[in-house]
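If you're wondering where the values come from, they're calculated on a predicted model, not measured in any experiment. Computation of the quantities below employed the complete heavy-atom set of this structure, encompassing side-chain atoms and omitting hydrogens, waters and symmetry-equivalent molecules.
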Amino acid sequence: MGRALVLGGGGIAGIAWEIGLLSGLAASGVDLRDADLVVGTSAGSIVGTLLRTGSDLEELYEAQLGPVPATERAVPFDGAAFFAGVAAALAGATGQQDARARIGALALRAQTMPESERRAVIGGRIGTPEWPAQRLVLTVVDTADGEFLAVDRDTGFPLLDAVAASCAVPAVYPPITIGGRRFMDGGMRSATNADLAAGCDTVLVVAPMAGIAGSPLGPSLDDEMAALRRDGEAHLVLADGTAVQAFGTNPLDPATREPSARAGRAQAERVAEEIRAFWA
């Protein structure tokens, strides 16, 4: 059944924090790249793909501390307005899939950058890799009907498109067209979708953000962790207070990269021994 690493969503800040944390753990001798399964949602889809396609963790960390690439332009994000729009869209939802479909409709109506530009941004982060041999599962949601999909190399989606779709925050970035369907952020079901690791003996969940308890869109992180612990061992690493401060009010702002990466690296030093014992 093996070991699984679950990487949750959290915007550009979350990408940087996860890279800082994972690189710091590796520097301490705790290398999580040997996981039998990696599950990535939104920011986690970026980091999971980089892990599985052979990127050097230390180089990834150093890149987060350097100049922001020209492709990483700032995107305005008003959290209060975003959640108000989501709440309005969810009014009257009859279930989780219907709730996600309502968010999908919101995503389709929004004025955003073109899909081609968004694909270029994601390509600047991960290149144009093929699906890796080691198991990688990414999460997306169909904007038309709210269907949740766990995508892997057997699904038939190009990896770049799957990652772009998993990162398509509704009303901020464009849904991504794959096979005539338009997909949005897998975080619109769960911030981690950790339940996809069910059946694994050992599951480490790395989450920049815990999501919303009692969300009408899908399972809560607490429920996911409880279910995983019924079948095996599961351990959760959430961003600590220093990291949350680094994320600021707009985790989609590239300016959060450096402080978030440094916060992840520092947190790795504090949790390395407990993760070593758990992962072993």
Side-chain angles (χ1 to χ4, degrees), residues 4-15 18 37-52 82 86 89-90 96-108 110 112 115 118-119 121-122 125-126 131 135-179 181-198 203 205-212 215-221 223-224 228 251-252:
L5 172 64
V6 176
L7 300 168
I12 291 174
I15 294 170
E18 289 179 3
L37 167 67
V38 172
V39 177
T41 291
S42 201
S45 75
I46 295 281
V47 179
T49 297
L50 291 170
L51 284 181
R52 283 309 208 203
F82 174 80
V86 167
L90 293 178
Q96 292 179 349
Q97 184 167 339
D98 179 52
R100 295 192 296 268
R102 289 165 180 260
I103 302 302
L106 178 68
L108 292 171
T112 65
E115 285 188 56
R118 182 60 178 160
R119 279 189 175 91
V121 170
I122 300 302
R125 296 175 186 168
I126 67 170
W131 283 93
R135 188 141 193 251
L136 172 67
V137 173
L138 308 180
T139 64
V140 301
V141 171
D142 191 323
T143 56
D145 60 6
E147 180 185 6
F148 172 74
L149 280 78
V151 179
D152 63 16
R153 65 187 178 197
D154 296 325
T155 307
F157 291 8
L159 180 52
L160 175 61
D161 287 353
V163 173
S166 190
C167 293
V169 180
V172 179
Y173 302 122
I176 300 299
T177 304
I178 309 173
R181 302 166 71 182
R182 301 195 72 194
F183 296 96
M184 65 179 176
D185 198 320
M188 291 303 101
R189 175 183 181 261
S190 160
T192 58
N193 294 295
D195 55 328
L196 294 180
V203 182
V205 180
V206 174
M209 300 175 183
I212 302 172
S215 168
L217 299 170
S220 70
L221 180 55
D223 289 342
E224 290 172 339
L228 291 172
L252 305 181

- [ ] Would you give the length of the straight line joining atom OG of Ser190 to atom CG of Asp223, rounded to the nearest 0.5 angstrom?
- [x] 10.0 Å
Open item on the list: Against Val163, only a single residue in Pro158, Ser45, Ser42 fulfils side-chain contact (heavy atoms from CB on, under 4.5 Å); can you say which?
Closed with: Ser45
TODO: Measure the CZ-OG1 distance between Arg189 and Thr41 for me, rounded to the nearest 0.5 Å.
DONE: 9.0 Å
Task: Contact summary for Pro170 and Asp185, nearest pair of heavy atoms - done: CD-CB, 4.2 Å
- [ ] Would you indicate whether the side-chain heavy atoms of Leu51 and Leu5 approach each other to under 4.5 Å?
- [x] yes
Task: Donor-acceptor under 3.5 Å (Arg153 side chain, Arg135 main chain) - done: no
TODO: Determine the minimum heavy-atom distance between Phe183 and Thr143, stating which atoms define it.
DONE: C-CG2, 4.2 Å
TODO: To the nearest 0.5 angstrom, please state how far the CD1 atom of Ile176 sits from the CE atom of Met184.
DONE: 13.0 Å
- [ ] Please report the closest heavy-atom contact between Ala162 and Leu138, naming both atoms and the distance.
- [x] CB-CD1, 4.1 Å
Task: Nearest heavy-atom neighbours spanning Leu160 and Arg119 - done: CD1-O, 4.1 Å
Task: Euclidean distance, Asn193 CG relative to Met188 CE, rounded to 0.5 Å - done: 10.5 Å
Open item on the list: side-chain contact (heavy atoms from CB on, under 4.5 Å), that's the test. Do Leu196 and Phe148 meet it? Break it down for me.
Closed with: CA-CA 12 Å; Leu196 294 180; Phe148 172 74; 4.1 Å; yes
Open item on the list: Quick check: closest heavy atoms across Leu221 and Ala210, and the distance to 0.1 Å?
Closed with: CB-O, 3.6 Å
Task: Heavy-atom donor-acceptor pair, Gln97 side chain to Asp145 backbone, under 3.5 Å - done: yes
Task: Single hit among Val137, Thr192, Leu37 for side-chain contact (heavy atoms from CB on, under 4.5 Å) with Val6 - done: Thr192
Open item on the list: Return the CD1 to CZ distance between Ile46 and Arg125, rounded to the nearest 0.5 Å.
Closed with: 5.0 Å
Task: Smallest separation among heavy atoms of Val151 and Thr155, with atom names - done: CA-OG1, 3.5 Å
Task: salt bridge (charged side-chain N to carboxylate O under 4.0 Å, His left out) partner of Glu147, chosen from Arg100, Arg182, Arg181 - done: Arg181
TODO: Find out whether Val203 and Glu224 are in side-chain contact, i.e. whether some heavy atom of one side chain is under 4.5 Å from a heavy atom of the other.
DONE: no
TODO: Please check if the side chain of Trp131 supplies one atom and the backbone of Gly156 the other of a donor-acceptor pair under 3.5 Å.
DONE: no
Task: Atom pair CG (Leu159) and CG (Asp152), whose distance is rounded to the nearest 0.5 Å - done: 11.0 Å
Open item on the list: Taking the side chain as everything from C-beta on, heavy atoms only, tell me whether Val47 gets closer than 4.5 Å to Val206.
Closed with: no
